[in-house]
Amino acid sequence: MLLVSQIREDFQRCLKGLEKRNFPNAETTLNKVLDLDRARKDTQTQRDKIQAESNSLSRQIGGLMKEGKREEANAIKEKTSEIKGQIKDLEEDYNQIEISLRELLYTIPNIPHSSVKAGKSAEDNEIILEKGGKPVLGASKLPHWELIKKYDIIDFDLGAKITGAGFPVYKGKGARLQRALINFFLDEALAEGYMEVQPPILVNEDSGYGTGQLPDKEGQMYHANEDNLYLIPTAEVPITNLYRDMILSEEDFPIKNVGYTPCFRREAGSWGAHVRGLNRLHQFDKVEIVQITHPDRSYEVLEDMSSYVQGILEKLELPYRVLRLCGGDTGFTSALTYDMEVYSAAQERWLEVSSVSNFETYQANRLKLRFRGEDKKSQLAHSLNGSALALPRIVASILENNQTEDGIKMPKVLIPYLGFDIIN
RNA sequence: AGAGAGGUGGCCGAGUGGUUUAAGGCGCACGCCUGGAAAGCGUGUUGGCGGCAACGCCUCGAGGGUUCGAAUCCCUUCCUCUCUGCCA
């Protein structure tokens, strides 16, 4: 969430930023934050004053009791009982104000970076780069949902039987392709200096709040009721939360983690056209990169992460483009997001395969993720993450783009991982 | 899952209702001393919030409660260890 100090000291920038996102009633909302914060301070000042008085009286009673001056002590006791009610009232006021303030802040998204253009939807995103030629396929080209049946490598019906729609079963060379991609992505990240982690794929409520999935996207996560745990929608959640409630030292930077996990998304209400086959699933595999950085370096790091992801796409020989998301399409918690899309030649569509974002202090504030700099003072770090990469749409485009009459040719870079070079 | 024991600052560790306003030690930082170092001595050392400041409030796993006053008593909850059970 945003810092109140950000809103107070940089009101105009916050306001303009929210307007870029088409956030309704931005000015009223920001002013309400400032009002609540002022009320919070006033109430605290009053509460502290009375609390101090009460503490002092209690200490006096302690002293008198020790000296055996029971009557004097009892006289003071009466005074303190009066104050007690006042403290309780002020305490309740304070808590109420704090809750209202926090709940209000939860509803306000991150302020977009200055390079982010105003816009309402995906149509307003800027294409900043396009690379690789689109393959030309013959008239017999098939979309991936046909190809997977033809070669019997991914089975949606079986998945539906044992679990439900959107939970495919990968079989034979399909399963091996998954495993190869995961290993390839992890090895690439290791070579880039990321440390591999294997986090739990269920997380508690605190972690959900830490990275901002809660309360914003409650309905999008599967919830294990009995134990109040959430299935992760992305490895961003457990990996970033590793650093929750921490004060790092500056030498710890840069923190670079990579992890492979399955991801689970309920995708409530988002089914329809364009989501056939692998385009949208309830369970999918993803390798995620996360960095925690010094605020001065986070945008440099964002560019590094973006070009790193582009490098993988080039190695896989997939045509791709990079978008800078507009205000309206940028995720709630992000200040700047690049989306990478690969071209899927049979569907003749661009498919999003990665999203690389800088959250600045938005997550760090909730996470209480700080570091101590040269001046020994603690300040919030910046957090970033990106998919590197999400598997299903990569698989879709590999299958579609590389189909030939003899079968589906595998990208060269994967052959050592696969142990075969064609699916036929 | 059952029984028992625990959770105190960067770390170890004392602490069963009132100078604990968290002892003592280790570590770390700074200063004195020294030719330099070690030792010794001194000072400082959780985090958050409020206040121009002096200073104040909160913080002993977390959340409630009892009390004029809680690290200490009560309730709830999370976690760790030991034993038993179950199990890849």
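Quick caveat: nothing in here was measured; it's all calculated off a predicted structure.
Below 30°, between 30° and 60°, or above 60°: for A:Tyr308 and A:Tyr194 the angle between ring planes is between 30° and 60°, a tilted geometry. Classification of the A:Tyr222-A:Phe167 ring pair by plane angle, with boundaries at 30° and 60°, yields tilted.
Nucleotide B:rA88: unpaired (no Watson-Crick or G-U wobble partner with both distances less than 3.5 Å). Taking a pair to require two hydrogen-bonding distances under 3.5 Å in either a Watson-Crick or a G-U wobble arrangement, B:rU16 remains unpaired.
Nucleotides B:rC74 and B:rU16 are separated by 14 Å at their C1' atoms, to the nearest Å. For B:rC78 and B:rG61, the C1' atoms lie 8 Å apart once the distance is rounded to whole Å. Going from the P atom of B:rU43 to that of B:rA62 covers 31 Å, rounded to whole Å. Rounded to whole Å, the P atom of B:rU46 lies 15 Å from the corresponding atom of B:rC60. Annotation: B:rC41 and B:rA5 have their C1' atoms spaced 43 Å apart (nearest Å). Spacing between B:rU72 and B:rG17 at atom P, rounded to whole Å, works out to 11 Å. B:rA71 and B:rG65 have their P atoms separated by 15 Å, with the value rounded to a whole Å.
Surrounding CD of A:Gln198 are at most 12 heavy atoms belonging to other residues, nucleotides or ligands under 6.0 Å away.
Between the side chains of A:Asn110 and A:Thr333, no donor-acceptor pair of N or O atoms lies under 3.5 Å.
Taking for each of A:Glu53 and A:Asn95 the nucleotide of RNA chain B with the nearest heavy atom, the 5'-most of the two is the partner of A:Glu53.
Between A:His382 and A:Tyr299, a ring centre-to-centre spacing not shorter than 6.0 Å is recorded.
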Identify all side-chain donor-acceptor contacts of residues 24-40 of chain A below 3.5 Å with residues at least two apart in sequence or on another chain.
unit_1: A:Thr29; atom_1: OG1; unit_2: A:Asn25; atom_2: O; d: 2.7
unit_1: A:Asn31; atom_1: ND2; unit_2: A:Glu27; atom_2: O; d: 3.2
unit_1: A:Asp35; atom_1: OD1; unit_2: A:Arg38; atom_2: NH2; d: 2.9
unit_1: A:Asp37; atom_1: OD1; unit_2: A:Arg40; atom_2: NE; d: 3.1
unit_1: A:Asp37; atom_1: OD1; unit_2: A:Arg40; atom_2: NH2; d: 3.0
unit_1: A:Asp37; atom_1: OD2; unit_2: A:Arg8; atom_2: NH1; d: 3.0

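First and last contacts of RNA chain B with chain A, using any nucleotide atom under 4.0 Å from a protein heavy atom and ordered 5' to 3', fall at B:rG18 to B:rG69.
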